[in-house]
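To start, the structure itself, in structure tokens.
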Amino acid sequence: MMTALTARKRRIFDIIQIGNDGDWPSRMFDAVSIIMILCNLFIAIFETFDSSAPFLPMLNMLELITVIGFTVEYALRIWTAEYLYPSLSRGRAVFRYVTSFNGIVDLLSCAPYYLPVFFPAGVVAFRMFRIIRILRLFRINAYYDALNVISDVIKGKKDQLLSSIFIIFILMIASSLCMYSLEHEVQPDVFQNAFSGFWWAVSTLLTVGYGDIYPITIPGRIFGIAITFLGVGMVAIPTGILSAGFVEQYTRLKSMNDYSMEADISFVSLNIPKDHPWAGKQVRELPLPPGLILAVIQRKDDVVVPRGNTCIREGDRIVLGAEGYHDHVGITLKEITLRERHPWTGCMIKQLDISRQTLIVMVKRNGKILIPSGSLKLKAGDLIVLYSRKHMTDTQDGEM
């Protein structure tokens with residue numbers, strides 16, 4: 001049985017995670033987190049204006065409140081880390097969270113604020129480190145699925161992006177060496193070494209040139225024109241890759257809804273009464289066999305879309321789905337319901353004119369399961385499950 005402390009700890013974990021529509025405390029926590037992140041961004045920008053001087057006490061108080069909020073959240077996430085990584089031990093789960101990207105961002109969101117207390121001599125330097133709190137903006141990406149498209153596109157196109165960046169880098173090195181060879185004798189103070197040519201190549205390929213370094217010889221200017229044209233095309237390659245990635249991603253999402261292959265899925269519902277072994281467990285912890293999915297959770301008047309960290313509660317009604325049976329040899333299971341005028345109605349199973357490769361597996365009558373035998377007489381309303389190795393042209397799914 002789950003103790004009160006364990007239940008409260010699990011509930012806190014559910015609240016500080018991304019909430020669903022039916023869990024208003026969790027949604028409220030998400031909203032407060034976003035507001036604190038935006039407040040920190042506003043403070044970081046507004047402090048750079050001279051007109052912010054009269055408001056500094058209020059800004060410092062607001063910053064203190066948000067930092068305390070970030071600190072409390074960080075402590076709660078460490079406390080509930082074992083639910084974030086249920087397959088790991090308590091210590092390893094905490095270590096995994098602390099060393100993860102989100103854990104590091106959470107730590108840097110609040111730690112620089114407290115460092116001057118322990119190291120007063122470094123107040124100015126630590127205040128610069130507090131700008132790292134802006135990294136917490138990455139947290140907003142988790143609250144909105146639309147923002148996840150950016151990371152999905154970059155991950156999906158990382159190989160193409162790395163290839164294009166490598167080509168640009170090689171072109172920069174070659175251009176810097178060539179321009180150094182063409183301009184060094186005429187401008188020894190400007191093109192002093194290959195690094196000077198590299199700075200020119202970067203500013204030319206990625207922009208239109210900074211203007212501090214430029215060729216003055218005829219061969220150098222011709223080469224510069226060629227590099228400028230190449231730069232326009234080379235910079236357009238990553239842009240085109242990302243643009244194509246966005247189009248593919250949205251097309252894929254649309255195709256999943258509009259053009260996906262249909263498959264027969266059967267659904268069953270299951271109530272979670274008191275003391276049910278699944279009560280209090282997360283979805284990822286349920287011992288579901290492969291091929292069986294948890295589709296939705298009906299919780300009172302709300303419908304909850306299950307996620308890995310969604311907790312099953314007492315009184316929930318869960319809907320399980322499984323794909324229709326099929327395999328490579330053509331074995332199928334078909335379900336038919338007999339009507340009054342069906343030719344099988346009133347006949348015994350041994351009298352049926354069916355293929356040898358077709359078997360009646362089960363007969364359901366008035367809510368009862370009947371084991372089929374040769375002398376069993378079929379009646380109108382019977383639900384029959386057929387096992388067959390070929391398609392039956394004289395039957396169809398549903399009522400007959």
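Listed by chain and number, the residues in a side chain to side chain donor-acceptor pair (under 3.5 Å) with Glu82 are Lys9, Arg90 (sequence neighbours excluded).
Taking CG of Leu270 as the reference point, atom CD1 of Ile297 lies at 11.0 Å (rounded to 0.5 Å). Ile16 CD1 to Glu73 CD: the interatomic distance, rounded to the nearest 0.5 Å, is 7.0 Å. Met179 CE to Ile227 CD1: the interatomic distance, rounded to the nearest 0.5 Å, is 7.0 Å. In this structure, OG1 on Thr99 lies 7.0 Å from CD1 on Ile104, to the nearest 0.5 angstrom. Taking CD of Gln187 as the start and CD1 of Ile216 as the end, the distance is 4.0 Å to the nearest 0.5 Å. In this structure, CG in Asn60 is found 11.5 Å from CD1 in Ile65, a value given to the nearest 0.5 Å.
Both Leu288 and Val304 belong to a single network of hydrophobic side chains, linked directly or stepwise wherever heavy atoms of I, L, V, M, F, W or Y lie under 4.5 Å apart. Linking Ile, Leu, Val, Met, Phe, Trp and Tyr whenever their side-chain heavy atoms come within less than 4.5 Å leaves Ile222 and Leu177 in two separate clusters. One hydrophobic cluster, built from ILVMFWY side chains closer than 4.5 Å, cannot hold both Leu182 and Ile218; they sit in different ones. Linking Ile, Leu, Val, Met, Phe, Trp and Tyr whenever their side-chain heavy atoms come within less than 4.5 Å leaves Phe70 and Ile35 in two separate clusters. A chain of hydrophobic side-chain contacts below 4.5 Å, direct or via other Ile, Leu, Val, Met, Phe, Trp or Tyr residues, connects Phe49 to Leu41.
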Full working for side chain to side chain contact (heavy atoms under 4.5 Å, CB included) between Ile312 and Leu294:
CA-CA 11 Å; Ile312 305 297; Leu294 176 54; 4.2 Å; yes

Yes or no on side chain to side chain contact (heavy atoms under 4.5 Å, CB included) for Val67 and Cys110, after CA distance, side-chain angles and deciding distance?
CA-CA 5 Å; Val67 169; Cys110 53; 4.0 Å; yes

Kindly determine whether Tyr85 and Arg92 satisfy side chain to side chain contact (heavy atoms under 4.5 Å, CB included), including the steps that lead there.
CA-CA 9 Å; Tyr85 304 103; Arg92 294 182 63 184; over 6 Å; no

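In this structure the side chain of Trp200 reaches within 4.5 angstrom of the side chain of Pro215, judged on heavy atoms. Proximity of Leu76 to Trp79: side-chain heavy atoms (C-beta onward) are separated by under 4.5 Å at one or more points. Side-chain atoms of Val153 and Leu242, non-hydrogen and from C-beta on, do get closer than 4.5 Å to each other. Taking the side chain as every heavy atom from C-beta outward, Val186 and Phe191 never approach each other to under 4.5 Å. With contacts defined as side-chain heavy-atom distances shorter than 4.5 Å, the pair Arg365/Leu376 qualifies.
When only modelled atom types and interatomic distance are considered, Asp14 and Tyr83 share no side-chain donor-acceptor pair under 3.5 Å. Of the N and O atoms on the side chains of Thr217 and Glu183, at least one donor lies less than 3.5 Å from an acceptor on the other residue.
Closest of all the heavy-atom pairs between Glu285 and Pro86 is OE2-CB, 3.9 Å. Of all non-hydrogen atoms in Pro306 and Val283, the two that sit nearest each other are CB-CG2, 3.9 Å. Residues Tyr97 and Ala81 approach most closely at CB-CB, 4.4 Å, considering heavy atoms. In this structure, Ile384 and Ile360 approach most closely via the heavy-atom pair CG2-CG2, 3.7 Å. Minimum heavy-atom separation, Lys274 to Glu314: CB-OE2, 3.4 Å. Between Ile15 and Phe29 the shortest heavy-atom distance is O-CD2, 3.7 Å.
Side chain of Ser52 to backbone of Phe46: a donor-acceptor contact under 3.5 angstrom is found. Side chain of Thr66 to main chain of Met36: no donor-acceptor pair is present (N/O by atom type, distance under 3.5 Å, no hydrogens or angles). A donor-acceptor pair under 3.5 Å links the side-chain atoms of Arg10 to the main chain of Gly280, judged by distance alone.
Considering Gln298, His276, Arg299 as possible partners of Asp316, the one that fulfils the side chain to side chain donor-acceptor pair (under 3.5 Å) test is Arg299. Paired with Trp344 under the rule side-chain contact (heavy atoms from CB on, under 4.5 Å), one option of Asp382, Ile349, Ile336 passes, and it is Ile336.
Atom CZ of Arg284 has more than 12 neighbouring heavy atoms from other residues, nucleotides or ligands inside a 6.0 Å radius. Remark: Phe95 CZ is loosely packed, at most 12 non-hydrogen atoms of other residues, nucleotides or ligands lying under 6.0 Å away. More than 12 heavy atoms of other residues, nucleotides or ligands sit less than 6.0 Å from atom CG of Asn193.
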Show me the donor-acceptor pairs within less than 3.5 Å that the side chains of residues 159-175 make with the rest of the protein, sequence neighbours left out.
from, atom 1, to, atom 2, distance (Å)
Ser163, OG, Asp159, O, 2.9
Ser164, OG, Gln160, O, 3.4
Ser164, OG, Leu161, O, 2.8
Ser175, OG, Leu171, O, 2.7

